[in-house]
Asks: 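This is the structure I have questions about; it appears just below.
Every value quoted in this text rests on a predicted model; they were computed, and no experiment measured them. Protein chains get the first letters and strands the later ones, always in sequence-line order, with residue 1 at the start of each.
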Amino acid sequence: MDEELHACRFPSGLPAYLLPKPGFVKSFAILATRYGSIDVEIDDPVSGRRRKIPPGVAHFLEHQQFEMEHGNASEIYARLGSNVNAYTSYSTTAYFFTATRRFTESLELLLEFVLKSHFTRESVERERGIIESELRGYEDSAGWRGFYNMTRALYLKHPVKIDAGGSVGSIKKITRQLLSRCHELFYHPGNMVLVVCGDLRPDKIFRQVGNFLKRLSPPPFRPVKRYFPKEPKRVARKRITEKLDVAHPRLLLGFKDNAANLTGKKLARKVVEVRMALDLLFNRSAPAYSAFYETGLIDDSFSSGFDLDVGFGYAYLSGNTHSPGELQKRILDVIKKARRSGFSNKDFKRVKSKLLGHSIRYFNSVESTANWLFANALIGITHFDYLDELEKVTRAGVQRTFRQLFQPSASAASIILPRK
Amino acid sequence: MAREPKYLGFRREELAPGIDLFTKRDTSFKTASLKIYFLTDLGPDATRVALLPYVLRCGTKTWPRMIDLSRRLEELYGAILSVDVGKLAEWHSVSFRLNVVADEFIKGTGSVLEPTMQVLSELINEPRTENGAFLPGYMEQEKRSLKSHIESLINDKAPYAIEQLTRHMCRSEPYRFFEYGDVKDLPGINGKNQYEFYRRFITRSPIAVFAFGHIEPRRVKKLVCDYLLPDGRRKRRVKKKPTRVTPKKLRTIHEHMKLSLGHLVMGFRTGYRFGDPGQSAYSVYSTMLGGHMMSRLFTVLREKESLVYSVHASASLKSLLMVYAGVEAKNRKRAQKIILREMKSIEKGDFSKAEFQNAVNHLASSLRSVRDVPSRRIGTAFVQYRMGRPNSEKKIMKTLMAVTPEDVMRAAKTVTPDTYYFLG
């Protein structure tokens, strides 16, 4: 592959990656902090005291960061003709933009509005109203509620079970001071990652970022210690059911990963192994899929996934079904059977060649390339390492990981039922 | 001989009457993308049209079951073969999309493109049948799946609300038909009559084949001719232009549902058709109103009034303008009033130079970026082709840059309210 990755770490601790894409019109940059919805209990490095942060602060900050001393970041991006956006996940908050012109100015603005903060009482109050409307929208969303209920069923203590945006109630407690403090704690360059992709010159871009950081001159980086309660192996509840205005019942069956203690290449390898196991058992090319689909137990919406982070993880299967109970039973039967019989070499090879083909597709757009690099950077590896792990994956490894993760006793169901 | 105009850089070749091939090589991409459109008029057959590609995907002569097809594609380095249906003004399209890794990125020998084309060819031309009918089992399965798909629209409230408005607003035009059809039609469809429909459909629908990315145009042409070219004897034709309607009286519809957040969609008719002079001005208008993060409605309703999280305005090929706002029921009237007030204000020219320029910049950037996204590039070229407006990026850009604030005011004046709809 003719893709060359450039990497550098600035004195303030920020790692940056750039992958040039000659011939592409769009450029993309993503700047993210390792701070997400699960960081709700920490040691304050200044006072040394342990403190709790109300749910929804990371997400509130994500909204609030766009307010700058001299206007709103979105507005300036609009003037530049670039598109900007952001999201908050369990363990990160990410800000990114796409530009077809004036990349340097757009990047400067990204560094500026994310690394500096400017909160006024009015802007905080205004944002509270917008976030409230956003949260209300999620309350009606079957997809969102299904996931939220699944994590609540899987976890007893870990904050992954908290609603990522907080609640209409919890965001009422968020003050300007609290937002400022969390920005100081978590938006230090040493706690962040920058990834850039486009028809760009690495030396020029790195020099620009270096100069910005020099001017910013942040204090020495002191990592924030997070506390996560010890999570029992068992699940909190076997099932959570909720009624919403949807057309069909929907099942989300989750499997809690009780060995989510990996980082780096090992974590990447596990992600590959679980992806393969899910494809081998539940993809369109699997006998179980055909059996479910042909009898009308599932429809086109049936899918699977795996979220693995440092310290927690879960695999899931989801889809519309006329009978969530029956589908759950059938999925568990398939899993029990595969735990005994394992996977055939022929199937393993076929699915592996598919995943190799798919990994080449990541390079087809600046966004997917950068997001892929970014996901790898967060766990401290590069996409070369990932491709290496994909090449090296073995059938025995997939089987071992599959047996560890997919234990019926570690599963829980989230069911959405139609109101009528 | 006059030079054949290009559609966003795609070279067009007529392979047979009503069958066109469009190619464009671009090796910045590591895959080859192929998309085949079959086009028909949107109408009472919508459900049959929607069902068609899904029934074809169930099995072919060589790969008789879906699982066989899936496995074959996995072997070919995860070749992607997907089907879809779409609504383009008052046309209904059935499309087959192929995406394969370019041969040079694959270790070992052999081509992936050719065997994948073989699969696609069978899917379109040699579906699995029995006594001149699609298999009853496959029919039942896909009817069930389509039914579930149509019914699931309600799960996502915003797109559901927009579709409901379309149905009410265009109640006497072909545009009212949902691209996935209507569950009411399903009981009347069986393997026999659907197969007859399929035969008519593939022999009478105009076909456009697009190939883009890491491809060799001449080789693609040969493969398309060898594998894909169906019967070229019959006339392949669709209706030329969409119907035009002038709204008489404003209608208001309220659909009740117990929701935390309500959904307001306001439908308007506009004076512009795709490719009309002045269409660029109209694009600037709708973008300025609600087409980006700093649009008028986003700034006022979200940033100033803190009333909504999501609000946007979108223009369609059918000359409609839809304004959407996710708003609590108690704030609905206020949101509606503000939307109309802001539309009026733009019409009167009450906007800053920066506001105007932001919209132009947004459109320019979006136009430039089409080059980087194979699916958008193919989609945009297809629209140009169907609307009979070949154009280059450069020319579109020039027209866009020539738009003045006065043009935008003129465009705004052609917008007439038709139907307002609220869910919640």
Side-chain angles (χ1 to χ4, degrees), chain A residues 1 21-26 72 74-75 77-84 98-101 126-131 133-134 136-137 139-143 245-248 283-287 289-290 293-294 296 299-301 320 350-351 353-358 360-361 363-366 419, chain B residues 26-31 65-67 70-71 73-79 99-101 105-106 137 140-141 144-145 148-149 151-157 257-261 292-294 299 302-304 306-310 326-328 354 357-358 361-362 364-365 368-369 371-374:
Chain A
M1 201 93 70
K21 294 291 265 182
F24 276 74
V25 181
K26 285 199 274 185
N72 181 288
S74 302
E75 200 173 326
Y77 274 109
R79 273 210 291 278
L80 294 169
S82 306
N83 286 319
V84 66
T98 318
T100 55
R101 291 275 163 90
R126 197 170 52 231
E127 217 54 47
R128 209 188 301 278
I130 297 170
I131 295 172
S133 165
E134 183 182 0
R136 282 188 203 284
E139 282 172 20
D140 300 326
S141 156
D245 275 300
V246 290
H248 308 104
N283 204 18
R284 277 177 184 278
S285 61
Y289 185 99
S290 294
Y293 187 77
E294 281 162 15
D299 63 15
D300 254 352
S301 66
N320 296 334
R350 196 188 61 240
V351 169
S353 99
K354 174 183 87 167
L355 289 183
L356 282 167
H358 283 194
I360 293 169
R361 283 202 180 83
F363 293 108
N364 266 351
S365 89
V366 291
R419 226 191 280 272
Chain B
D26 186 339
T27 53
S28 351
F29 298 93
K30 292 182 167 39
T31 59
R65 302 168 305 162
M66 202 187 273
I67 188 171
S70 304
R71 289 185 166 183
L73 294 168
E74 283 187 347
E75 282 164 9
L76 297 166
Y77 280 86
N99 185 275
V100 299
V101 176
F105 300 109
I106 291 167
E140 284 323 303
Q141 168 188 314
R144 200 166 47 218
S145 185
S148 156
H149 188 89
E151 289 169 347
S152 297
L153 180 64
I154 200 166
N155 296 358
D156 252 332
K157 304 299 179 278
M257 199 181 275
K258 199 179 145 204
L259 294 174
S260 287
L261 186 72
H292 66 127
M293 292 272 282
M294 280 327 286
T299 326
R302 177 169 152 146
E303 307 294 324
K304 275 208 192 96
S306 202
L307 210 55
V308 304
Y309 169 68
S310 175
V327 62
E328 275 182 76
Q357 202 52 49
N358 286 348
N361 289 350
H362 179 82
S365 178
R368 276 193 294 269
S369 64
R371 223 189 298 172
D372 279 2
V373 191

Asks: Quick one: what part of Ser74(A) sits under 4.5 Å from any heavy atom of chain B, side chain, backbone, both or neither?
Replies: both

Asks: Any idea which of Thr27(B), Leu76(B), Leu259(B), Val308(B) has the most non-hydrogen atom pairs under 4.5 angstrom with chain A?
Replies: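 If we count pairs closer than 4.5 Å to chain A, Leu259(B) comes out on top.
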
Asks: Can you tell which of Pro287(A), Ser141(A), Ala142(A) has the highest number of heavy-atom pairs within less than 4.5 Å of chain B?
Replies: Pro287(A)

Asks: For Arg368(B), which atoms come within 4.5 Å of any heavy atom of chain A: side chain, backbone, both, or neither?
Replies: both

Asks: Would you confirm whether Arg419(A), through its side chain, and Lys258(B), through its main-chain N or O, come within 3.5 Å as a donor-acceptor pair?
Replies: yes

Asks: If you measure from CZ on Phe24(A) to CG on Asp26(B), what distance do you get to the nearest 0.5 Å?
Replies: 7.5 Å

Asks: To the nearest 0.5 angstrom, please state how far the CD1 atom of Ile131(A) sits from the OH atom of Tyr309(B).
Replies: 9.5 Å

Asks: Would you mind checking which part of Asn99(B) comes under 4.5 Å of any heavy atom in chain A, side chain (CB onward), backbone (N, CA, C, O), both or neither?
Replies: both

Asks: Given the options Glu151(B), His362(B), Met294(B), which has more heavy-atom pairs under 4.5 Å with chain A than any of the others?
Replies: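 The answer is Met294(B).
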
Asks: Considering all heavy atoms of both residues, which atom of Ile154(B) and which atom of Ala247(A) are nearest to each other, and what is their separation?
Replies: CG2-N, 3.7 Å

Asks: What residue, out of Lys354(A), Arg79(A), Arg128(A), Glu139(A), has the most heavy-atom pairs lying under 4.5 Å from chain B?
Replies: Lys354(A)

Asks: For Asp245(A), is it the side chain, the backbone, both or neither that has a heavy atom under 4.5 Å from a heavy atom of chain B?
Replies: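 The answer is both parts of Asp245(A).
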
Asks: Name the option with the most non-hydrogen atom pairs under 4.5 Å to chain A; the candidates are Val101(B), Asp372(B), Thr299(B).
Replies: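 Most heavy-atom pairs under 4.5 Å with chain A: Asp372(B).
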
Asks: Under a 3.5 Å distance rule, please check whether His358(A) uses its side chain to pair with a backbone N or O of Gly78(B) as donor and acceptor.
Replies: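 Here the side-chain-to-backbone pair exists.
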
Asks: With a 4.5 Å cut-off on heavy-atom pairs, point out which of Asp300(A), Thr98(A), Val84(A) contacts chain B the most.
Replies: Asp300(A)

Asks: Any donor-acceptor pair under 3.5 Å linking the side-chain atoms of Ser369(B) with those of Thr100(A)?
Replies: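 Thr100(A) vs Ser369(B): no donor-acceptor pair found between side chains.
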
Asks: When you measure from the side chain of Asp140(A) to the backbone N and O of Leu261(B), does any donor-acceptor pair fall under 3.5 Å?
Replies: yes

Asks: Please round to the nearest 0.5 Å and tell me the distance separating atom NE2 of His248(A) and atom OG of Ser152(B).
Replies: 5.0 Å

Asks: Based on non-hydrogen pairs under 4.5 Å, which of Gly357(A), Ser285(A), Ser290(A), Ala286(A) is most in contact with chain B?
Replies: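 Heavy-atom pairs under 4.5 Å are most numerous for Ser285(A).
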
Asks: Hey, what do you get for CD1 (Ile360(A)) to CD1 (Ile106(B)), rounding to the nearest 0.5 Å?
Replies: 6.5 Å

Asks: Who among Arg65(B), Met257(B), Gln357(B) has the most heavy-atom pairs with chain A under 4.5 Å?
Replies: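 Among Arg65(B), Met257(B), Gln357(B), the one with the most close pairs to chain A is Met257(B).
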
Asks: Where on Pro22(A) is there a heavy atom nearer than 4.5 Å to chain B: the side chain, the backbone, both, or neither?
Replies: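 Answer is backbone: N, CA, C or O of Pro22(A) sit under 4.5 Å from chain B.
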
Asks: Under 3.5 Å, is there a donor-acceptor pair between the side chain of Asp299(A) and the main chain of Ser145(B)?
Replies: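 Flag not set: sc Asp299(A) to bb Ser145(B) has no pair under 3.5 Å.
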
Asks: Among Ala78(A), Gly23(A), Ser365(A), who wins on heavy-atom pairs under 4.5 Å with chain B?
Replies: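 Of Ala78(A), Gly23(A), Ser365(A), Ala78(A) has the most heavy-atom pairs under 4.5 Å with chain B.
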
Asks: If I take atom OH from residue Tyr77(A) and atom CE from residue Met293(B), how far apart are they, to the nearest 0.5 angstrom?
Replies: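 Tyr77(A) OH to Met293(B) CE: 11.0 Å, rounded to 0.5 Å.
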
Asks: Specify which of Ala354(B), Ser148(B), Ala79(B) makes the most heavy-atom pairs with chain A at under 4.5 Å.
Replies: Ser148(B)

Asks: Quick one: are Arg361(A) and Lys30(B) in side-chain contact, heavy atoms under 4.5 Å?
Replies: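 They are not in contact (no side-chain heavy atoms under 4.5 Å apart), so the answer is no.
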
Asks: Given the options Gly81(A), Ser353(A), Ser82(A), Gly129(A), which has more heavy-atom pairs under 4.5 Å with chain B than any of the others?
Replies: Ser353(A)

Asks: Pick from Val327(B), Asn361(B), Asn358(B): which one has the most heavy-atom pairs with chain A under 4.5 Å?
Replies: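 Of the candidates given, the most pairs with chain A belong to Asn358(B).
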
Asks: How long is the straight-line distance from OG of Ser310(B) back to CD of Glu134(A), given to the nearest 0.5 Å?
Replies: 9.5 Å

Asks: Between Ser70(B) and Tyr289(A), do the side chains contain a donor N or O and an acceptor N or O under 3.5 Å apart?
Replies: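 Short answer, no.
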
Asks: Counting only heavy atoms closer than 4.5 Å, note whether Lys304(B) contacts chain A via side chain, backbone, both or neither.
Replies: backbone

Asks: Is it the backbone or the side chain of Arg371(B) that comes under 4.5 Å from a heavy atom of chain A, or both, or neither?
Replies: side chain

Asks: Testing the 3.5 Å rule here: is there a donor-acceptor pair between the side chains of Thr31(B) and Asn364(A)?
Replies: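 Short answer, yes.
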
Asks: Are the charged groups of Arg350(A) and Glu74(B) less than 4.0 angstrom apart, N to O?
Replies: yes

Asks: Stepwise, does the salt bridge (Lys or Arg N to Asp or Glu O under 4.0 Å) test hold for Arg126(A) with Glu303(B)?
Replies: CA-CA 7 Å; Arg126(A) 197 170 52 231; Glu303(B) 307 294 324; 5.0 Å; no

Asks: For a quick test of reading the model, state the closest non-hydrogen atom pair linking Gly326(B) to Ser133(A) and the distance between them.
Replies: O-OG, 4.2 Å

Asks: Below 4.5 Å from any heavy atom of chain A, which atoms of Val373(B) appear? Answer side chain, backbone, both or neither.
Replies: side chain

Asks: Kindly say whether the aromatic ring centers of Phe105(B) and Phe363(A) come within a distance under 6.0 Å.
Replies: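 No, ring centres 6.0 Å or more apart.
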
Asks: Where on Glu140(B) is there a heavy atom nearer than 4.5 Å to chain A: the side chain, the backbone, both, or neither?
Replies: neither

